[in-house]
Visitor: 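Let me give you the structure first, and then I'll get to my questions.
These values consider heavy atoms only, across backbone and side chains, with no hydrogens, waters or symmetry-generated copies. Proteins come first, then strands; the chains are lettered A, B, ... in the order of their sequence lines, and each starts at number 1.
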Amino acid sequence: MFGFRISPSSAINLDNVSRDRFSELCRIEPDALRCMACGSCSATCPAAEFSGMSVRKVLLYLQRGKEEEAFKIMNNCMLCGKCTMVCPRGINTRHLLLTICRIYEKEDRR
Amino acid sequence: MREIYLSGYNNFVLPFMLGMIFVLSWCIIGAIRVILQLPKEDRKRFFMSLVNPKIMLKNIRDWFCDCLFHVKLWKRNKLLGYMHSSIAFGWFMIIVIGHIEVFLYTPERVHQIWYPIFFRYFVAVTESTMKGSFFFFLMDFFLLVILSGITLAIIKRVRSRLFGMRRTTRASITDLIGLYALWSIFPLRLLAEGFTADISGGSFLTKSLNGVLHSFLSDHMNMLPTWWAYSIALGIFMCILPFSRYMHIPAEILLIPMRNAGIKVRHARKGFAKLQVYSCPSCGVCIDACPMGAVKANIKDTTVYLNRQIKRYNEKRIEEISDKCLLCGKCTALCPVGVEGDRMRIAQRSIRKYNLSPDYSNIDENMLLERCNKFVSSTNNDVSSTQNQKVLYFAGCMTALTPVISKSTQSVLQKAGIKFEMMDKDGGICCGRPMLMAGRKEQAEEMVAKNTAIIKASGADTLLLSCPICYKIFKEKYHLEGIEVIHHTEFFDRLINEGRLSIKGSDTRFVYHDPCELGRGCGVYEEPRRVIGRAGVLVEADKNGKESICCGGSLGSLTLSFERRKALTENALNNLTVASPDVIATACPLCRSTFNRYSDRPVKDIAEIIDEATRRKNR
């Protein structure tokens with residue numbers, strides 16, 4: 001009506017998603033909270049071309065409980081370490097990604 | 001020789017026999033277990049190598065050079081080498097000559113294992129053994145050699161710097177018991193033989209001791225306790241041996257033929273890896289070698305402590321130690337025994353369980369191939385173009401962060417008239433080495449398969465690499481039959497030798513940093529130096545070649561954070577700048593960017609240096 005429409009809410013419904021895993025991740029890797037979302041990692045990532053990988057996005061998705069989306073883009077990560085080299089916050093992204101692979105689980109396998 | 005005791009036995013041999021039987025059965029069972037734990041093809045390979053005369057000859061040479069003479073330690077430091085080889089070779093000779101004596105003089109006692117060890121107690125010298133003075137002399141001589149070695153060992157405990165070792169391993173409690181038992185064995189032997197020197201005969205050492213301390217030694221009341229003490233020292237040493245670092249003595253005997261058979265670490269804890277752990281003599285050479293030693297807190301994360309923690313099954317520490325390592329491979333290169341610290345750590349990482357595993361099946365090789373199969377001929381008309389050779393240039397992920405290297409390399413290729421194409425101009429698949437270093441072998445192999453398909457389909461006959469990290473995996477894990485894999489330093493060296501590149505030297509002083517993966521990893525030391533030598537004056541770092549110090553930026557370390565690497569980089573820079581060079585030259589994009597961060601002088605890749613040197617000519 002009048003050229004406006006109501007878009008679906010993008011708020012995170014904590015009834016549906018759990019933040020437990022993200023808290024656990026932050027406990028093991030406090031660096032996860034240091035990310036300032038500058039996007040340097042996205043710019044250098046060689047896997048971005050194939051799966052849209054970006055550490056920044058992975059962290060954002062996980063923070064919002066959108067785990068499947070995070071796993072999808074992480075799928076092509078080659079652990080080359082370029083994101084670690086360029087991170088202005090000095091986050092050890094390689095270890096962060098390995099830890100995510102360790103503590104998170106895919107929904108269907110849970 | 002005349003025998004004094006009819007039975008040829010005294011109760012004091014019991015501690016020795018107990019230790020001997022214990023240690024022998026332990027080692028035999030251990031050896032069988034290690035061999036059974038090997039994968040089937042490795043076991044077959046090991047047994048086949050034992051009947052191969054060429055490998056067997058090498059085994060024998062290595063047994064003598066490594067176990068007895070400690071040639072590698074001699075090369076490190078003369079005193080350290082003498083200390084180890086005097087004890088090892090001296091003891092070996094005493095055992096051998098002891099057996100010869102028994103064989104010659106009392107052949108009926110050969111089957112009594114203790115007889116050669118306590119020979120002097122059981123026999124009396126007669127005129128018929130005048131010739132025996134030859135053996136007696138040798139026995140005393142080698143005893144003296146061992147005693148001198150033990151004296152040095154005691155000095156080393158206090159002043160290890162005299163032996164070229166800045167830091168030594170902190171001994172565990174079992175190591176200390178073994179150490180004190182070992183130290184006491186030989187003085188006790190000398191004392192015990194001093195008692196019987198007037199009966200059983202002796203030579204310059206035992207006879208003169210008997211003469212000097214006559215009032216004490218001629219009292220045979222004191223004799224038996226001394227022989228008991230000697231036997232007990234031997235018994236304690238042998239009983240503690242499997243639980244202390246002295247396990248390396250028997251373990252190394254098996255390690256050498258396995259290594260020569262070409263067996264590699266396949267499982268983190270079983271088989272060859274287990275053997276390596278037990279072969280570690282805790283000498284501590286790896287502590288000084290480790291580039292992380294620049295920060296004192298990292299000392300406990302060196303290979304010797306990894307081996308100790310694996311023996312103790314301390315999983316938490318094993319994970320910490322193996323994840324922290326830069327995988328520069330220096331401990332492996334310097335280890336006198338051949339414990340592969342880097343491979344061991346990768347193996348520890350590989351047994352870790354991950355819930356999520358990357359999968360690269362969605363990546364379209366054909367799309368990537370389309371980008372790199374149009375080889376462009378050089379536009380440089382000064383040199384004859386090589387139409388037949390097609391060079392595929394894989395710059396690598398790290399070079400993408402230092403594009404000056406790939407630009408310079410391309411410019412040099414242009415000037416040399418090479419027909420080439422870039423494989424990853426607009427991105428591509430990683431070589432797989434970083435993934436392999438993280439211990440995720442399956443994922444790395446997927447990338448290797450994808451890249452192999454692209455390279456083979458491109459029609460190239462040479463694969464040129466700028467990054468030593470890529471170079472190592474391309475050489476070791478890729479099967480690119482008919483395609484030559486070459487690093488740009490080697491390629492430039494060849495181009496210069498063939499006269500395709502003419503460069504003009506300058507008086508700039510360059511120091512060359514050997515990247516870990518290129519030097520220790522692939523054995524390329526000479527070519528980069530030759531190339532730099534043409535472009536300027538080459539000076540050397542304090543530690544170079546095999547002993548070069550990692551820049552600290554290595555992808556090998558999973559847990560070392562950015563801040564904690566700074567001290568390592570600064571330490572490596574101090575080592576490089578001792579000869580006050582104008583420029584630090586390296587051949588690795590990762591080393592270049594790491595050094596560049598903290599260096600007070602320019603850091604350049606060889607490609608840049610050569611590009612500039614050729615430009616000088618054209619000007």
Visitor: In terms of heavy-atom proximity below 4.5 Å to chain A, should B:Asn362 be classed as side chain, backbone, both, or neither?
Guide: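 Answer is side chain: those atoms of B:Asn362 sit under 4.5 Å from chain A.
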Visitor: For B:Asp605 and B:His488, test the side chains for any donor-to-acceptor distance below 3.5 angstrom and give the result as yes or no.
Guide: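 Checked: B:Asp605/B:His488 side chains pair up, N/O donor to acceptor below 3.5 Å.
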Visitor: Measuring only between side-chain heavy atoms, which start at C-beta, is A:Tyr61 closer than 4.5 Å to A:Ile73?
Guide: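 Contact flag for A:Tyr61/A:Ile73 side chains = yes.
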Visitor: Would you mind checking which part of B:Leu368 comes under 4.5 Å of any heavy atom in chain A, side chain (CB onward), backbone (N, CA, C, O), both or neither?
Guide: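 For B:Leu368, the contact with chain A is made by the side chain alone.
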Visitor: What are the two closest non-hydrogen atoms of B:Gln348 and B:Ala268, and how far apart are they?
Guide: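 Minimum heavy-atom separation between B:Gln348 and B:Ala268: NE2-O, 3.0 Å.
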Visitor: What parts of residues 444-453 of chain B touch chain A if we use heavy atoms and a cut-off under 4.5 Å?
Guide: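 Only B:Met447 of residues 444-453 of chain B have a heavy atom under 4.5 Å from chain A.
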Visitor: Using a cut-off of under 4.5 Å on heavy-atom pairs, state which of A:Leu98, A:Asn76, A:Val86 scores highest against chain B.
Guide: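 If we count pairs closer than 4.5 Å to chain B, A:Asn76 comes out on top.
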Visitor: Could you tell me which residues in residues 48-60 of chain A have at least one non-hydrogen atom under 4.5 Å from a non-hydrogen atom of chain B, sorted by residue number?
Guide: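 The residues closer than 4.5 Å to chain B, in numerical order, are A:Glu49, A:Phe50.
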Visitor: Return the option, out of B:Arg597, B:Met367, B:Arg371, with the maximum number of heavy-atom pairs under 4.5 Å with chain A.
Guide: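 Ranked by contacts with chain A, first place is B:Arg371.
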Visitor: Quick test of your reading of the model: are B:Asp342 and B:Lys330 salt-bridged, counting only N-O distances below 4.0 Å?
Guide: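 Result for this pair is no, no salt bridge flagged.
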Visitor: Among B:Arg317, B:Lys316, B:Arg345, B:Arg352, find the residue that satisfies the salt bridge (Lys or Arg N to Asp or Glu O under 4.0 Å) test when tested with B:Asp323.
Guide: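 Option passing the salt bridge (Lys or Arg N to Asp or Glu O under 4.0 Å) with B:Asp323: B:Arg352.
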Visitor: Step through the shown structure and confirm whether more than 12 heavy atoms of other residues, nucleotides or ligands are within 6.0 Å of NZ on B:Lys300.
Guide: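 Count over threshold, so yes.
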Visitor: With a 4.5 Å cut-off on heavy-atom pairs, point out which of B:Thr559, B:Leu590, B:Thr594, B:Leu558 contacts chain A the most.
Guide: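 Sorted descending by pairs with chain A, the first entry is B:Leu558.
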Visitor: Which atoms of B:Leu560 come close to chain A, meaning under 4.5 Å heavy atom to heavy atom: side chain ones, backbone ones, both, or neither?
Guide: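 The answer is the backbone of B:Leu560.
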Visitor: Are side-chain N/O atoms of B:Glu608 and B:Ser408 paired as donor and acceptor at under 3.5 Å?
Guide: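 Side-chain D/A pair, B:Glu608 to B:Ser408: absent.
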Visitor: What closest approach, in Å, do B:Thr569 and B:Gly552 show between heavy atoms, and which atom pair accounts for it?
Guide: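 Answer, listing the atom of B:Thr569 first, then B:Gly552: OG1-CA, 4.3 Å.
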Visitor: Heavy-atom pairs under 4.5 Å with chain A: which of B:Ala400, B:Ser593, B:Cys397 has the most?
Guide: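 Winner by heavy-atom pair count: B:Cys397.
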Visitor: Take atom NZ in B:Lys374; do more than 12 heavy atoms of anything else shown fall under 6.0 Å from it?
Guide: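 Yes, because the 6.0 Å sphere around NZ of B:Lys374 holds more than 12 heavy atoms from other groups.
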Visitor: Would a 4.5 Å heavy-atom cut-off, applied to side chains only, mark B:Met398 and B:Ser466 as touching?
Guide: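 Heavy-atom side-chain distance check fails, nothing below 4.5 Å.
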Visitor: Do you know which of A:Met74, A:Arg102, A:Arg94 has the most heavy-atom pairs under 4.5 Å to chain B?
Guide: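 Answer, by heavy-atom pair count under 4.5 Å with chain B: A:Arg102.
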Visitor: Of the backbone (N, CA, C, O) and the side chain (C-beta and beyond), which part of A:Ile103 lies under 4.5 Å from a heavy atom of chain B, both, or neither?
Guide: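 Looking at A:Ile103, just its backbone touches chain B.
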Visitor: Using a distance-only test with no angle check, is there a side-chain donor-acceptor pair under 3.5 angstrom linking B:Asn355 and A:Lys106?
Guide: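 Their side chains do not contain a donor-acceptor pair, so the 3.5 Å distance test is not met.
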Visitor: Between the side chains of B:Ser357 and B:Arg440, does any donor sit under 3.5 Å from an acceptor?
Guide: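 Yes, B:Arg440 and B:Ser357 have a side-chain donor paired with an acceptor closer than 3.5 Å.
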Visitor: Check whether A:Cys77 gets within reach of chain B through its side chain, its backbone, both or neither, counting any heavy atom under 4.5 Å.
Guide: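 It is the backbone, since no side chain atom gets that close.
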Visitor: Would you call the rings of B:His487 and B:Tyr471 parallel, tilted or perpendicular, taking 30° and 60° as the class edges?
Guide: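 The rings of B:His487 and B:Tyr471 sit tilted, inter-plane angle from 30° to 60°.
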Visitor: So that I know where these two stand, are B:Phe474 and B:Phe394 an aromatic pair - ring centroids less than 6.0 Å apart?
Guide: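 Ring centres of B:Phe394 and B:Phe474 closer than 6.0 Å.
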